There are 2 protein chains.
Amino acid sequence: MNDASKYEEPARLLKALAHPTRLCIVAGLLNDSCNVNKMKECLNLPQSTVSQQLAILRNQGIVDGVRHGTEVFYKVANEKVKDIVKVLLDDEEIVFK
Amino acid sequence: MNDASKYEEPARLLKALAHPTRLCIVAGLLNDSCNVNKMKECLNLPQSTVSQQLAILRNQGIVDGVRHGTEVFYKVANEKVKDIVKVLLDDEEIVFK
DNA sequence: ACATAATATTATAATATAGTATTTTTAAAA
DNA sequence: TTTTAAAAATACTATATTATAATATTATGT
């Protein structure tokens with residue numbers, strides 16, 4: 001029993017979340033969407049770093065982005081992830097501002 | 001805002017879960033405790049591998065073990081983790097057998 | 001004390017991830 | 001169409017993780 005393959009996908013999902021920056025990004029997007037520049041300011045990280053972390057989240061379908069002109073607005077795209085992050089962070093309100 | 005330090009602990013917790021073998025172990029322990037030998041049989045992995053993964057889970061307080069003679073019976077020691085794993089795996093019943 | 005069973009630890013090679021400077025793409029404005 | 005801004009992709013070094021063999025520990029039975 002317990003073939004590990006069954007756990008590979010969910011493990012990949014958790015792994016994508018399991019980084020302070022990425023977790024912070026997802027937490028910040030729980031209630032409001034946000035563009036990369038604002039995130040980079042809030043997170044105090046180079047743009048390339050933020051974009052790379054966003055790419056990891058995008059690859060797992062955790063977030064997706066919509067372009068408006070030069071900006072891309074991201075939001076959380078996975079309900080299960082929303083629930084997990086809320087449980088993990090005790091349902092606190094977090095917003096990029 | 002959004003100092004990353006706030007997310008370091010929860011990220012560490014997720015990281016410890018974010019591996020197919022470790023996730024499988026935790027899922028298998030959700031309802032019943034189990035000793036290492038049985039786990040190693042179920043998982044079809046060397047004993048050292050299972051013990052190492054258990055050590056990672058123990059270090060994050062995700063599981064703990066009680067020794068009975070030569071055997072150590074493990075159980076999940078963190079309620080938040082139970083909830084997260086149930087949400088992640090759609091609440092399916094998983095047992096080592 | 002010695003043998004045996006169950007579990008833990010250590011060491012290490014292979015692989016993966018993290019961070020960031022640099023370059024490229026995309027879109028709007030001059 | 002050139003310039004500028006925002007975001008993505010690339011390249012590369014440093015660090016971390018994984019898997020597992022080998023060894024050590026812990027507890028029991030003889």
Side-chain angles (χ1 to χ4, degrees), chain A residues 2-5 7-9 11-26 28-29 33-75 77 96, chain B residues 2-5 7-9 11-26 28-29 33-75 77 96:
Chain A
N2 282 324
D3 67 301
S5 63
Y7 298 95
E8 279 170 14
E9 261 310 302
R12 261 196 287 274
L13 192 75
L14 287 187
K15 194 169 184 177
L17 278 178
H19 185 283
T21 301
R22 292 194 298 267
L23 191 55
C24 185
I25 288 172
V26 174
L29 295 177
S33 67
C34 186
N35 67 346
V36 180
N37 243 304
K38 198 164 166 188
M39 289 187 217
K40 121 185 178 328
E41 297 303 332
C42 290
L43 296 165
N44 217 344
L45 287 172
Q47 174 267 319
S48 63
T49 301
V50 176
S51 276
Q52 271 212 149
Q53 304 293 23
L54 282 168
I56 290 168
L57 293 169
R58 250 189 290 122
N59 288 341
Q60 291 302 316
I62 292 172
V63 302
D64 61 12
V66 182
R67 188 179 272 274
H68 285 281
T70 60
E71 297 171 299
V72 177
F73 286 89
Y74 279 91
K75 64 175 178 51
F96 286 112
Chain B
N2 283 322
D3 67 301
S5 63
Y7 298 94
E8 278 169 17
E9 261 311 302
R12 263 196 285 275
L13 192 75
L14 286 187
K15 194 169 185 177
L17 279 177
H19 185 284
T21 300
R22 294 195 296 269
L23 191 54
C24 186
I25 289 173
V26 174
L29 295 177
S33 68
C34 186
N35 69 346
V36 180
N37 244 304
K38 198 165 169 188
M39 288 186 218
K40 120 186 177 331
E41 298 303 334
C42 291
L43 295 166
N44 216 345
L45 287 172
Q47 174 267 320
S48 63
T49 301
V50 176
S51 277
Q52 271 215 147
Q53 304 292 26
L54 282 168
I56 290 167
L57 292 170
R58 248 189 293 119
N59 289 341
Q60 290 304 316
I62 292 172
V63 303
D64 62 11
V66 181
R67 189 178 272 274
H68 285 282
T70 59
E71 297 171 298
V72 176
F73 287 88
Y74 279 92
K75 65 174 174 55
F96 286 112

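Fair warning: this is a prediction, and the values are worked out from it, not measured in the lab. Order of the sequence lines fixes the chain letters, A, B, ..., with proteins taken first and strands second; residue numbering starts at 1 for each chain.
For Leu23(A) and dA18(C), the CG to P distance is 13 Å, given to the nearest whole Å. Lys40(B) has its NZ atom 9 Å from the P atom of dT7(C), to the nearest Å. Whole-Å rounding puts the Glu41(B) CD to dA5(C) P distance at 14 Å. Following rounding to the nearest Å, Leu43(B) (CG) and dT20(D) (P) show an atom-to-atom distance of 12 Å. Taking atom CG of Leu45(A) as the reference point, atom C1' of dA21(C) lies 14 Å away to the nearest angstrom. The CG atom of Leu57(B) sits 16 Å away from the P atom of dT7(C) (whole-angstrom rounding). Put simply, CG on Asn44(B) is 14 Å from P on dA19(D), counting in whole angstrom units. Regarding Phe73(B), its CZ atom lies at a distance of 11 Å from the P atom of dA6(C), rounded to whole Å.
With sequence neighbours excluded, the residues that form a side-chain hydrogen bond (donor to acceptor under 3.5 Å, both in side chains) with Ser51(B) are Gln47(B). Partners of Gln60(B) according to the side-chain hydrogen bond (donor to acceptor under 3.5 Å, both in side chains) rule, which considers only residues two or more places apart in sequence or in another chain, do not exist here. Applying the side chain to side chain contact (heavy atoms under 4.5 Å, CB included) test to Leu45(A) and every residue at least two apart in sequence or in another chain returns Thr21(A), Leu43(A), Thr49(A), Val50(A). Looking at residues two or more places apart in sequence or on another chain, you find no salt bridge (charged side-chain N to carboxylate O under 4.0 Å, His left out) involving Glu41(B).
Relative to the side chain of Asn37(B), the nucleotides dT20(C), dA9(D), dT7(C) differ in distance, and dT7(C) lies closest.
The shortest distance between the side-chain N/O atoms of Asn35(B) and the OP1/OP2 oxygens of dT7(C) is below 4.0 Å. Residue Tyr74(B) has a polar side-chain atom (N or O) positioned under 4.0 Å from OP1 or OP2 of dA8(C).
Considering CG of Leu57(B) and NE2 of His19(B), their distance stands at 10.5 Å, rounded to 0.5 Å.
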Atom pairs under 3.5 Å: protein N/O with N/O of nucleotides 13-18 of chain D:
{"from": "dT17(D)", "atom 1": "OP1", "to": "Lys15(B)", "atom 2": "NZ", "distance (Å)": "3.1"}
{"from": "dT18(D)", "atom 1": "OP2", "to": "Arg22(B)", "atom 2": "NH1", "distance (Å)": "3.4"}

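Among pairs with a residue in residues 33-73 of chain A, those fulfilling ring pair (Phe, Tyr, Trp, His ring centres under 6.0 Å) read His68(A)-Phe73(A), at least two apart in sequence or across chains. Residue pairs meeting the salt bridge (Lys or Arg N to Asp or Glu O under 4.0 Å) criterion with at least one member in residues 58-70 of chain A, sequence neighbours excluded, are Asp64(A)-Lys75(A).
Counting heavy atoms from C-beta outward, Glu71(A) and Asn37(A) have side chains that stay 4.5 Å or more apart. Side-chain atoms of Ile62(A) and Arg22(A), non-hydrogen and from C-beta on, never get closer than 4.5 Å to each other.
Among the protein residues, Gln47(A) comes within range of the nucleic acid bases, having at least one heavy atom under 4.0 Å from a base atom.
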Legend entry - nucleotides 24-30 of chain C: protein proximity per nucleotide (B base, S sugar-phosphate only, - neither; heavy atom, under 4.0 Å): ---BS--

